[in-house]
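First listed ligand is number 1; within each ligand, the first listed atom is number 1.
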Amino acid sequence: MCGIVGYIGKRRAYDILIQGLHRLEYRGYDSSGVAMISEDGELNIYKAKGKVEALEHFAASKDLSGTIGIAHTRWATHGEPNDINAHPHFSQSGRLAMVHNGTIENYSVLKDALSSHGYNFISQTDTEVAVHLIEYIMQKNNCSLFDAVREATKRIVGAYAIAIVDKQNPDQIIAARQSSPLVIGVGEGEYFLASDATPIIEYTNKVIYLNDGDIAVINRGQELKVFDSNSTSESEIKITELQMSIEQLEKGGYPHFMLKEIFEQPKTLADCISGRISADGKRVTLSGVIEHKEKFLNTNRIIIVACGTSWHAALIGKHLFEEFCRIPVVVEYASEFRYSNPVVNPGDVLIALSQSGETADTLAALELAKANGAFVFGICNVIGSSIPRATHSGCYIHVGPEIGVASTKAFTGQVTVLAMMSLLIGQMKGTVSDEVVANVASDIRRVPALIKDIFKLNDKIEELAKIFTYAHNFLYLGRGYNYPSALEGALKLKEISYIHAEGYPAAEMKHGTIALIDNDMPSVVIAIKDNVYEKTVNNIQQVKARGGKVVAIVTEGDTIVADMADYVLEVPQIAECLTPLLTAIPLQLLAYYIAVNKGRNVDQPRNLAKSVTVE
Ligand code: M6R
């Protein structure tokens, strides 16, 4: 939510800032802006409502000189998306400019106090309050910008990643973070600053991930200094080498990142599995689990916290852990868990599941569990993000950067890791036989090839999407391992096509939802050959009897459902617990093509952002 970029060095800052904003646009696209100190010492701010393109258009005729600047792409929290609320924001005197990602909770108290000192506010944002506060402290204490930021961070309550430039010091950027991510790229005589590493990778692979409470002093041509806001001593700086390539951040010939990411899944899942299943296929190795094996073997329950698509993957994880490890699992929305006064005890294991590793609610939920003595384990995609750094242990899904706002390859990566984890823990616990482990593990290895096979359905799904593009409501039905798949299919359709869709356990339908079914409400039913197959077939009959149209996702060779459903999409046979990895593909493609037919912005759907770093 909101993306920050900064640059200080020898190149024209504007070019780096704009390119960085394009890379971070997935984090919010309500408005964007840049602040740069020009060659003749002016602090210029250019900003525009809408996408980065609008900013480029607006700035084209302006002074774009200067080798220092900060920039921002916004997902609106305080104040509507417009030019005025767009970042960067000036301080009262126009000396400072600041960008901010996060939410300042006590902004109205601070605003009142500053108003009483004669400060005026142009925007409705919390950010403007913070930059005024910093300038106020500078003036009152006659101190440096660094000291003022340090003092301000003590008064600000909330989450922030900020970057500030001072017109009177064109050789310095001050940056600070608390609960919102910030990465510094270290080049040859230049520094880059960003909310994640994607704007940095084309210039350097050396990065420093700031920790909560860190304040960075970035001086031109000098060594970077990082301080903990609560102490006067310098913090140790740890340089990490990025394992990312530019190609991963480009569309690679696809019209949308989402389509690219759907089609990448054979490769991303091969990467996710790589080195984790032994050559003889009989054992799973996940070092983050093995190193803490006693935590998993001794726990009486596992809590999984997540949001959105990750929450759907967590529901599949519950089935997996209960089937193979016989450990009771509760799956909680992180946002509900954190405020529910949950019972968490030492001995509990909490798994935080998150693609971005930055979701504010998931991060807060795991901090709460940690404070109560639980062992916290992270399953994330973005390397070096906040959740992996806050957990005791974890494992990455290794599916590469996911840029499309709709999660696709991260979902299948999460389910794959959860499947491997449950086999490993079950085997260590003795709750699953070696034979079952070997069978399921060998099926996990088949998944990439099977997904390639499913892509043969692409044209058929594209055609099918034309038939359903104008439906106003959809029902998605599934059971067992594929009930979460139904929820996920519905979410995919909702978020990118803006068509209302509901995911439902197929058998629950007759307790109310069936009243909605008529000729205008299509149902997508996942009816693969599992232990409730016959029951799901009955559910399809019930829909058909009420005039509903049915698109069924079935196991290859199924003729029973083929005879009753209106349209059938076949997926190959695989171990039941892995079927969500296959059924996800037609669901993703169907949502994608319907959204394209409706002319939606598939990669950046309205009102959404990829990384939800606010509550
Ligand atoms: O980064 P996270 O996995 O923690 O994100 C959680 C949700 O915000 C995310 O899955 C969201 O629901 C996606 N847009 C779904 O496609």
Side-chain angles (χ1 to χ4, degrees), residues 1-3 24-29 75 179-181 195-196 198 256-259 261-262 265 304-317 331-338 350-367 378-391 394 396-397 399-415 417-418 476 484-485 487-498 501 503 584 587-592 595 600-615:
M1 283 222 144
C2 298
L24 291 185
E25 211 169 19
Y26 74 88
R27 298 176 70 90
Y29 28 84
W75 186 85
S179 307
S180 294
S195 298
D196 68 34
T198 56
H256 297 100
F257 279 110
M258 182 179 175
L259 193 62
E261 286 158 7
I262 292 173
Q265 287 173 104
I304 314 183
V305 291
C307 304
T309 287
S310 299
W311 187 79
H312 299 152
L315 291 176
I316 297 169
V331 176
E332 300 266 8
Y333 286 114
S335 54
E336 288 297 309
F337 178 81
R338 62 183 290 197
L350 179 133
I351 299 176
L353 198 54
S354 170
Q355 185 284 131
S356 62
E358 298 294 352
T359 301
D361 286 320
T362 310
L363 189 55
L366 87 82
E367 293 290 5
I379 301 178
C380 296
N381 187 34
V382 178
I383 294 170
S385 54
S386 300
I387 291 175
R389 290 185 304 125
T391 44
Y396 285 112
I397 61 173
V399 299
E402 190 180 66
I403 313 280
V405 163
S407 188
T408 51
K409 61 178 180 172
F411 174 74
T412 49
Q414 289 169 332
V415 174
V417 163
L418 288 163
Y476 282 72
S485 310
L487 296 176
E488 176 57 9
L491 177 62
K492 285 291 85 86
L493 186 72
K494 275 186 274 204
E495 67 179 330
I496 59 169
S497 72
Y498 319 150
L587 295 173
Q588 293 168 355
L589 286 170
L590 184 64
Y592 172 78
R600 304 300 190 211
N601 186 337
V602 174
D603 284 334
Q604 295 172 340
R606 70 182 180 203
N607 304 339
L608 288 171
K610 182 78 183 159
S611 177
V612 185
T613 55
V614 296
E615 285 195 51

Nearest-neighbour protein heavy atom for atom 14 (N) of ligand 1, which is reported as residue plus atom name and distance: Glu495 OE1, 2.9 Å
Closest non-hydrogen protein atom to atom 1 (O) of ligand 1, residue and atom name please, with distance? Ser356 OG, 2.7 Å
Protein contact to atom 7 (C) of ligand 1 [nearest heavy atom, distance to 0.1 Å]: Cys307 O, 3.7 Å
Residue Ser310 vicinity, atoms of ligand 1 by number, heavy atom under 4.0 Å: 2 (P), 3 (O), 10 (O)
Under 4.0 Å from a heavy atom of Lys492: which atoms of ligand 1 are those, numbered in the order shown and with their elements? 15 (C), 16 (O)
Do Leu487 and Trp311 come close enough that some side-chain heavy atom pair is under 4.5 Å? yes
Is ligand 1 less than 4.0 angstrom away from at least one heavy atom of Glu358? no
Under the 3.5 angstrom rule, does the side chain of Arg338 hit a backbone N or O of Thr362 as a donor-acceptor pair? no
Taking the side chain from Gln414 and the backbone from Ala313, do they hold a donor-acceptor pair closer than 3.5 Å? no
If you scan protein heavy atoms around atom 8 (O) of ligand 1, the nearest is Val612 CG2, 3.8 Å
Nearest heavy atoms of Pro401 and Lys409, plus distance in Å: O-NZ, 2.9 Å
Flag the pair Leu608 / Tyr29 as yes when at least one side-chain heavy-atom distance between them is below 4.5 Å, and no otherwise. yes
For Val417, enumerate each residue passing the side chain to side chain contact (heavy atoms under 4.5 Å, CB included) test, keeping only those at least two apart in sequence or located in another chain. Cys272, Arg276, Ile379, Cys395, Ile397, Met420
Under 3.5 Å: donor-acceptor pair, side chain of Thr309, backbone of Phe411: no
Which of the numbered atoms in ligand 1 are under 4.0 angstrom from any heavy atom belonging to Ser354? 1 (O), 2 (P), 3 (O), 4 (O)
Give the residue, atom name and distance (to 0.1 Å) of the protein heavy atom nearest atom 5 (O) of ligand 1. Thr359 OG1, 3.5 Å
Is there a side-chain contact between Leu366 and Ile387, using heavy atoms and a 4.5 Å cut-off? yes
Do any nitrogen or oxygen atoms of Ser407 lie less than 3.5 angstrom from nitrogen or oxygen atoms of ligand 1? yes
Does the N or O separation between Gln355 and ligand 1 drop below 3.5 Å for any pair? yes
Run down the list Thr309, Leu353, Leu608 and name the one with the heavy atom closest to atom 11 (C) of ligand 1. Thr309
Hey, is ligand 1 close enough to Gly357 that some N/O pair sits below 3.5 Å? no
Show the atoms of ligand 1 that are less than 4.0 angstrom away from any heavy atom in Ala406. 16 (O)
Please tell me whether Thr412 and Gln265 have a donor and an acceptor in their side chains that are separated by less than 3.5 angstrom. yes
Within less than 4.0 angstrom of ligand 1, does Val405 place any heavy atom? yes
Is it the case that Ser310 and Gln355 place a side-chain donor and acceptor less than 3.5 Å from each other? no
